[in-house]
Amino acid sequence: MAREVTHEERGPAVLDDDDKGDDGLIYVCQCGLSDSKPLCDGSHNATADEEDGVVYKYANGDADGERRAVGELDGVDE
């Protein structure tokens, strides 16, 4: 599965000890849906039932937004 994600940031995020969870680890979002990017906030749970080989788009890039399957990624050269 894949999903279309829009990013607006133009620079790097600096992570430090304050970003560590209770287990002493830093979790970086890979699904693109976290509201606290670059940190994971658990939004990836919304992707649990996505099917392999299908590209999804979430309304407003929000894990709680309506999810729809799309035929191709917009604006990406393959």
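We use all heavy atoms of the structure for the numbers below, so side chains are in, but hydrogens, waters and symmetry mates are not. Being a predicted model, the structure only gives us computed values, none of them experimental.
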| query | D17: what forms a salt bridge (charged side-chain N to carboxylate O under 4.0 Å, His left out) with it, not counting sequence neighbours? | reply |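 By the salt bridge (charged side-chain N to carboxylate O under 4.0 Å, His left out) rule, D17 matches K20.
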| message | List the residues meeting salt bridge (charged side-chain N to carboxylate O under 4.0 Å, His left out) with D49, not counting sequence neighbours, and say none if there are none. | response |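 Scan of D49 (salt bridge (charged side-chain N to carboxylate O under 4.0 Å, His left out), adjacent residues dropped) gives R67.
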| said: Quick check: closest heavy atoms across V70 and R68, and the distance to 0.1 Å? | reply: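 For V70 and R68, the tightest heavy-atom pair comes out as CG1-NH1, 2.8 Å.
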| field | Heavy-atom pair of closest approach, residues G32 and K37 | value |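 The pair with the smallest heavy-atom distance is O-CE, 3.1 Å.
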What residues form a side-chain contact (heavy atoms from CB on, under 4.5 Å) with [X], not counting sequence neighbours?
X   : answer
E51 : V54, Y56
D16 : D18, D19
S43 : L33, D41, A63

| query | Atom NZ of K57 and atom CD of E4: how far apart are they, to the nearest 0.5 Å? | reply |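 Between atom NZ of K57 and atom CD of E4 there are 3.5 Å.
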| field | Student check: side-chain heavy atoms of L39 and C29 closer than 4.5 Å | value |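 They are not in contact (no side-chain heavy atoms under 4.5 Å apart), so the answer is no.
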| query | Can you tell if the side chain of E50 reaches within under 4.5 Å of the side chain of R3, non-hydrogen atoms only? | reply |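 In contact.
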| query | Linking Ile, Leu, Val, Met, Phe, Trp and Tyr through side-chain heavy atoms less than 4.5 Å apart, which residues share a cluster with Y27? | reply |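 Its cluster partners, ordered by chain and number, are L25.
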| query | Counting only heavy atoms not in D23, do more than 12 fall under 6.0 Å of its CG? | reply |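 Check passes, neighbour count above 12.
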